[in-house]
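Notes for the one structure printed next.
Per chain, numbering begins at 1; letters A, B, ... match sequence-line order. Every heavy atom of this structure was used, including side-chain atoms; hydrogens, water molecules and symmetry mates were not.
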Number of protein chains: 2
Amino acid sequence: MLVDTGSCERTPQACHQGRSENGCADCKVRLISVCSVLEPTELEELEALSHHLTLDKGQTLFGQDEPAGSVFNVIEGALRLTRLLPDGRRQVMGFALPGDFLGLALQVRYSVSAEALGPVRTCRFGREDFAAVVEAKPHLLRSLHERAGYELTLSQEQMLLLGRRTAEEKVAAFLLSLRDRYARIGHSSVTVELPMGRQDMADHLGLTIETVSRILNRLDRAHAVLLVPGGARLIDLSRLERMAAS
Amino acid sequence: MLVDTGSCERTPQACHQGRSENGCADCKVRLISVCSVLEPTELEELEALSHHLTLDKGQTLFGQDEPAGSVFNVIEGALRLTRLLPDGRRQVMGFALPGDFLGLALQVRYSVSAEALGPVRTCRFGREDFAAVVEAKPHLLRSLHERAGYELTLSQEQMLLLGRRTAEEKVAAFLLSLRDRYARIGHSSVTVELPMGRQDMADHLGLTIETVSRILNRLDRAHAVLLVPGGARLIDLSRLERMAAS
DNA sequence: CGAACAATTGACGAATGTCAAGATCCGTGG
DNA sequence: CCACGGATCTTGACATTCGTCAATTGTTCG
């Protein structure tokens with residue numbers, strides 16, 4: 001069961017806030033985030049509106065259908081983005097990694113909830129504030145739109161996976177896609193970090209926790225991957241790629 | 001099997017082109033399309049760049065991974081948007097209806113292929129032309145971005161369906177969501193048009209054609225729906241809603 | 001050390017897929 | 001108008017994948 005220690009939006013006093021010590025100029029994710037399209041002066045303008053916000057493992061950044069008061073840049077850590085069915089069945093729509101922007105559709109309500117998988121650092125903006133900046137800077141909107149297009153492509157890939165792949169293909173494709181996403185943000189390694197638990201993977205892939213566990217261990221025994229605590233080393237990439245049937 | 005009579009982009013001479021007789025001013029979908037945010041003078045400007053294009057049933061408007069030469073407003077008819085796995089398994093990502101804009105992410109390649117489910121009329125723009133207009137009109141970009149957000153929400157809904165719903169829930173939810181989409185574009189009716197075949201529904205819901213057929217007929221026998229050629233009358237809405245488990 | 005949680009493993013069952021046979025629909029051409 | 005043929009849809013019998021339930025092991029952290 002998930003630990004819900006409350007949303008930061010609803011209980012702001014529970015969250016560490018305040019401007020980052022050194023500002024946007026040496027932000028770790030500046031070059032991979034939406035901010036990469038901003039000029040130095042624009043960056044300062046945005047910085048004036050920013051709030052630093054950190055979460056601990058299990059904390060909720062925002063909940064599905066809540067009014068979208070803020071938008072966020074993920075600086076460090078990972079979150080899971082989920083949607084619930086009334087009876088409690090859960091679908092993990094995706095995982096947010098450093099450089100990702102949460103709330104990029106600028107919609108009135110959040111369409112998913114976002115929960116920290118471990119310690120997370122974010123850069124928060126009031127949605128209205130941010131929308132005003134976007135209104136004045138079409139190239140920022142353009143950048144958001146490009147990201148939305150990328151998200152759309154990712155979710156199409158995920159629909160193909162959920163609808164038409166077998167359990168083994170799903171797990172293999174998941175490991176490979178996670179590796180690609182880490183590579184995109186400059187963290188390339190044969191060992192893929194898996195900050196989420198087995199249940200999160202299952203809810204992302206439309207499987208049960210038992211099936212995910214069985215397949216991961218089968219891949220391990222077959223020396224296609226090497227399971228390590230909190231991650232998996234991809235040993236036989238070409239075999240995984242064949243398995244994933246991409 | 002699908003009839004692929006060739007892409008219009010590759011064989012333009014096979015397509016009826018030319019400006020609509022009466023222009024954008026009395027375009028049937030103007031008020032529900034992206035064009036709804038344009039002023040009369042802007043509309044004329046866009047009209048100058050537009051080409052009318054029609055398709056017959058089974059024709060391909062564009063193919064997955066092709067360079068995105070054009071973007072389209074759907075004026076009349078319906079298309080299926082699909083992605084293929086190398087071995088031929090197919091996922092229908094969605095169905096495009098009148099008022100929908102194809103290519104709204106303005107990406108370099110199409111991420112899906114689009115095939116006409118029946119006679120289709122579209123309004124075509126060269127992607128570069130359209131992008132230039134968008135560049136000059138931030139409120140048009142804003143409108144595209146809003147639509148992208150809506151698409152993102154739809155695809156999250158679909159991921160939840162594919163990953164966590166049972167076959168019966170999938171079919172019920174599909175019928176209801178189609179009804180909602182028709183209502184959105186001003187075509188409300190208890191009888192939902194089903195311009196796609198059973199195989200298309202199956203590939204959209206992550207099921208087989210036999211399962212879709214069995215469930216639709218079971219719903220019919222249970223008087224929850226009434227199957228009619230090319231559509232379904234939703235008899236017992238509240239039962240369907242309970243089934244869909246939304 | 002021990003309690004709580006997370007992951008693994010096995011035995012079994014159910015939902016859905018597969019295969020195969022018919023029925024129905026629909027456009028075409030006589 | 002009717003008859004034909006192909007495509008689409010329906011239905012049944014059976015197979016398989018994956019889920020369910022339950023027990024066990026492993027891990028984390030006071």
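Distance CZ (B/Arg218) to P (D/dG12): 12 Å, rounded to an integer number of Å. Spacing between atom CZ of B/Arg89 and atom C1' of C/dT18 amounts to 15 Å, rounded to whole angstrom units. Here C/dT24 presents its P atom at 17 Å from CG of B/Leu216, a figure rounded to the nearest Å. Distance CG (B/Leu194) to P (C/dC25): 16 Å, rounded to an integer number of Å. One interatomic measurement links the two molecules: CG of B/Leu205 to P of C/dG17, which rounds to 10 Å at whole-angstrom precision. Rounded to an integer number of Å, the gap from B/Leu227 CG to C/dT24 C1' is 13 Å. Across the protein-nucleic acid pair, A/Arg165 atom CZ and C/dG17 atom P stand 17 Å apart, rounded to whole Å. Atom pair B/Gln199:CD and D/dC9:C1' shows a separation of 11 Å (rounding to whole Å applied).
Using a 4.0 Å heavy-atom cutoff across all strands shown, B/Gly230 reaches no nucleic acid atom at all. Among the heavy atoms of the strands, none lies under 4.0 Å from A/Arg164.
Within residues 239-246 of chain A, no residue approaches DNA chain C, by heavy-atom distance under 4.0 Å. Residues of residues 207-215 of chain A that place a heavy atom closer than 4.0 Å to DNA chain D, in numerical order, are A/Leu207, A/Thr208, A/Glu210, A/Thr211, A/Arg214.
Applying the salt bridge (Lys or Arg N to Asp or Glu O under 4.0 Å) test to A/Arg147 and every residue at least two apart in sequence or in another chain returns nothing. A search for salt bridge (Lys or Arg N to Asp or Glu O under 4.0 Å) contacts involving A/Asp203 returns A/Arg90, B/Arg164, not counting sequence neighbours. Judged as a salt bridge (Lys or Arg N to Asp or Glu O under 4.0 Å), and not counting sequence neighbours, B/Arg198 has no contacts. With sequence neighbours excluded, no residue forms a side chain to side chain contact (heavy atoms under 4.5 Å, CB included) with A/Asp65. With sequence neighbours excluded, no residue forms a salt bridge (Lys or Arg N to Asp or Glu O under 4.0 Å) with A/Arg214.
Between the side chain of B/Gln156 and the backbone N or O of A/Val112, no donor-acceptor pair lies under 3.5 Å. Without hydrogens or angle criteria, B/Gln91 side chain to A/Glu157 main chain gives no donor-acceptor distance under 3.5 Å. Although no hydrogens or angles enter the test, the distance criterion places a donor-acceptor pair under 3.5 Å between the side chain of B/Gln64 and the main chain of B/Leu84. Side chain of B/Arg80 to backbone of B/Leu117: no donor-acceptor contact under 3.5 angstrom is found.
Closest to the side chain of B/Thr166, out of C/dT8, C/dT16, D/dT11, is C/dT16.
Residue pairs that meet the side chain to side chain donor-acceptor pair (under 3.5 Å) test with at least one member in residues 223-246 of chain A, sequence neighbours left out, are A/Arg165-A/Ser246, A/Asp236-A/Ser238, A/Asp236-A/Arg239. Residue pairs meeting the ring-ring contact (aromatic ring centres under 6.0 Å, His included) criterion with at least one member in residues 153-172 of chain A: none, sequence neighbours excluded. Evaluation of the side chain to side chain donor-acceptor pair (under 3.5 Å) test over residues 182-192 of chain B, restricted to residues two or more places apart or in two chains, returns B/Tyr150-B/Arg184.
Listed pair A/Arg221 / C/dT9 meets the phosphate criterion, a side-chain N or O lying under 4.0 Å from OP1 or OP2. Neither OP1 nor OP2 of D/dC9 sits under 4.0 Å from any side-chain N or O of B/Asn217.
Ring geometry for B/Phe95 against B/His204 counts as perpendicular: the plane angle is over 60°, on a 0 to 90° scale with 30° as the lower cut.
Considering only heavy atoms from C-beta on, B/Ile75 stays 4.5 Å or farther from B/Thr122 through its side chain.
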Interface polar pairs with nucleotides 25-30 of chain D, N/O, under 3.5 angstrom:
none

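When the local axes at the two ends of the helix from C/dC1-D/dG30 to C/dG30-D/dC1 are compared, using 5 base pairs at each end, they differ in direction by 40° after rounding to 10°.
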